[in-house]
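Residue numbering restarts at 1 for every chain, and letters A, B, ... go by the order of the sequence lines. Below, all heavy atoms of this structure are taken into account, side chains as well, without hydrogens, waters or symmetry copies.
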2 protein chains.
Amino acid sequence: MVTIRDVASRAGVSPATVSRVVNGLVGYSDETKVRVEEAVAALHYEPDTFARGLKMKQSSVIGVLAPMVSDALASQVMSGVEHAAREGGYSVMLGRTGQGSTFAPGYLRTLRTYRSAGVILISAAITPEMRRVLGSNVPLISVAIRDGIRFPSIGIDDERAAYDGTKHLLALGHERIGLLAGDPQSTLVNAVRERGYRRAMAEAGRPAVLEQGNSLYDSAPPALHRLLATDPHLTAVFALSDEMGAAVVNELQRIGRRVPHDISVLGFDNTRTATHVYPALSTIAQPLERMGELAVERLLSLTDPGQKVMPHRLITRGTTAPPLSSH
Amino acid sequence: MVTIRDVASRAGVSPATVSRVVNGLVGYSDETKVRVEEAVAALHYEPDTFARGLKMKQSSVIGVLAPMVSDALASQVMSGVEHAAREGGYSVMLGRTGQGSTFAPGYLRTLRTYRSAGVILISAAITPEMRRVLGSNVPLISVAIRDGIRFPSIGIDDERAAYDGTKHLLALGHERIGLLAGDPQSTLVNAVRERGYRRAMAEAGRPAVLEQGNSLYDSAPPALHRLLATDPHLTAVFALSDEMGAAVVNELQRIGRRVPHDISVLGFDNTRTATHVYPALSTIAQPLERMGELAVERLLSLTDPGQKVMPHRLITRGTTAPPLSSH
DNA sequence: TTGTAAGCGTTATCAG
DNA sequence: CTGATAACGCTTACAA
């Protein structure tokens, strides 16, 4: 292993000087800088992470905690995170957490011992428990979820997004729109979206009809059937995740209902899943990658990351159309 | 920060003794063990990763390099990796590499500087370049790919699996079976699977008809149309990835061909994607999670990881049936 | 069974 | 502008 002393002796300077030029500090002549750099290059010197970590009080790893649920969403956020992290010379350590956050404490502990520069939570709220095990030195931020008050986060206005989505369906002429809600425990995302739907329906003077899924594919078919049982004349269903939306499209197909002729379907998030069904799913887009980038930027900016609301966008593809009855 | 000296003085012993009990070494009385453990617990002592890493020559991170391509596959392997790693007290650092492996060298460098205990490559072959940047101390293993000779790997017998898949279609009565191949550059997976298909077709005295995709969803529809242009009477298509298989099912639907009545479709890998289309995709399963677990076990076993061939399995779901003409 | 002390490779302080 | 030197927290001979 080549150490800073090797570089120093080859360049004919002291280790301290090497450290200075390597870290871009001030206090050396141009000439020594050149000599040191030559030596560094010649010897392929790389500072030792552990020695450095021991001295300094933090490392350059950023932790990301992603739920195994909604892989596609997390994956897109990750792209952004990774990009921004790499740009800033940071490495990303990803932990996937289970349904009941089984692994989260373990990961957080690891991240703390690695003196992580910060951690990003995807689609998960920051809990006091998390704050506690992480210690107070490590900044924390949530992505794709937010409550607008308590913790640093980057997300969209979920209430408004769901409101807009419902409005779109209403504008198309639909009057009976069912909502396929997500896990009700997710009060910060699903409950909020649900509110947006209810508001739009109420404004239109239409009754809300909804059933709970859990955001995942498999939860959608049964929920869809409950929805249809409640109102067999539904002409549109708004699913609060693309996975559920895709499942609805497929299930409708299976039971012989044509999409979008008989029933329109609208998804949520605009993950890759939305384009992996036929017809491709109309959905509400969140700027997932950008949110990931922003998360690392804010995390590293040292100032309080605060809350950031990103714009959402309606994307119409093949699953939304006016209802048959509107002709 | 609480250090080993704090624990030592509280327990009334030396730092060396604390180190010994913390690391489960020998050489202390039961009584001191108890005292030290009490002190550790009372002070919430945690050994400093960096100080330890500086002394010892390796850390307990396992690196995983996954292609952004085929997220679903990587995700399943990751589950296994994570599980086994956690079991052994290791942390997992995930790096996603681009199409042209853009990030791979950077990640590998990071992993080396973190003195990673080993790195796992998902669906990627170990190149001399990788070996070089990683240094010779870090063990490396590939998962879901193998060439059976040169590098440590865990995978299935791709030739045989593709052969079996083709045989299945043949046994159903199909005679005109098109192959939707993957990236031809992937000589270790796609080229091998292609060989299996060719062998089965040759044995059946049927002509091979194939087109290249790149394993991803979007590459499939155009390739499917080329396939259909070559032989409009195809009654089955075998796609060498579930994403392509799903795309074929959807595209067939779009152009008005019924699956499986008019055309059967068989996928490959048995990722979650296979169940996210309607009808659900019949496919060849690889024990992805198990492969991930095994990868870490072998990586950490210190002996040469060697090559391991896992069993594959045909899973018939809704997209394969006898051809119409067989009645 | 236990303690002392010498590093591991860096960075930071303080002289020069 | 540069060089000694003292930590950082831990492990491990080597002594006792």
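For I4(A), counting side-chain heavy atoms from C-beta on, the closest listed nucleotide (dC8(D), dA13(D), dT10(C)) is dT10(C). Distance from the side chain of S29(B) is smallest to dT1(C) among dT1(C), dC10(D), dT2(D). Which of dC10(D), dG3(D), dT4(C) sits closest to the side chain of A16(A) comes down to dG3(D). Comparing dT10(C), dA12(C), dT2(D) by their closest approach to the side chain of Y28(A) singles out dT2(D).
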Output a table of donor-acceptor pairs, distance under 3.5 Å, between side-chain atoms of residues 12-19 of chain B and any protein atom two or more places apart or on a different chain; print 'none' if there are none.
from: S14(B); atom 1: OG; to: A16(B); atom 2: N; distance (Å): 3.4
from: S14(B); atom 1: OG; to: T17(B); atom 2: N; distance (Å): 3.3
from: S14(B); atom 1: OG; to: T17(B); atom 2: OG1; distance (Å): 3.4
from: S19(B); atom 1: OG; to: N23(B); atom 2: ND2; distance (Å): 3.3

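Residues that satisfy the salt bridge (charged side-chain N to carboxylate O under 4.0 Å, His left out) test with R112(B), not counting sequence neighbours, are E46(A).
Geometric assessment of R86(B) against the ring of Y107(A) yields a positive cation-pi assignment under the 6.0 Å and 45° thresholds.
The phosphate of dC1(D) (OP1 or OP2) has no side-chain N or O of T32(A) nearer than 4.0 angstrom. Between S19(B) and dC10(D), a side-chain N or O to OP1/OP2 separation shorter than 4.0 Å is absent. Contact check, R52(B) against dT11(D): a side-chain N or O comes under 4.0 Å of OP1 or OP2. Contact between the side-chain N/O atoms of T3(B) and the OP1/OP2 oxygens of dC8(D) is not found at any separation under 4.0 Å. Contact annotation: T17(B) side-chain N/O to dG3(C) OP1/OP2 distance is under 4.0 Å.
Scanning atom types as modelled, no donor and acceptor separated by under 3.5 angstrom connect the side chain of K55(A) and the base of dT10(C).
Rounded to the nearest 0.5 Å, atoms OG (S215(A)) and CG (L73(A)) are 10.0 Å apart.
Terminal axes of the helix from dT1(C)-dA16(D) to dG16(C)-dC1(D) (five pairs each, C1' rotation axis) are separated by 40°, to the nearest 10°.
For the side chain to side chain contact (heavy atoms under 4.5 Å, CB included) test with V296(A), the passing option among V64(A), I141(A), I120(A), V92(A) is I120(A); the others fail.
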Apply salt bridge (charged side-chain N to carboxylate O under 4.0 Å, His left out) to the pair E129(A) and R132(A), showing each step before the final yes or no. CA-CA 5 Å; E129(A) 161 79 359; R132(A) 196 181 56 69; 3.1 Å; yes
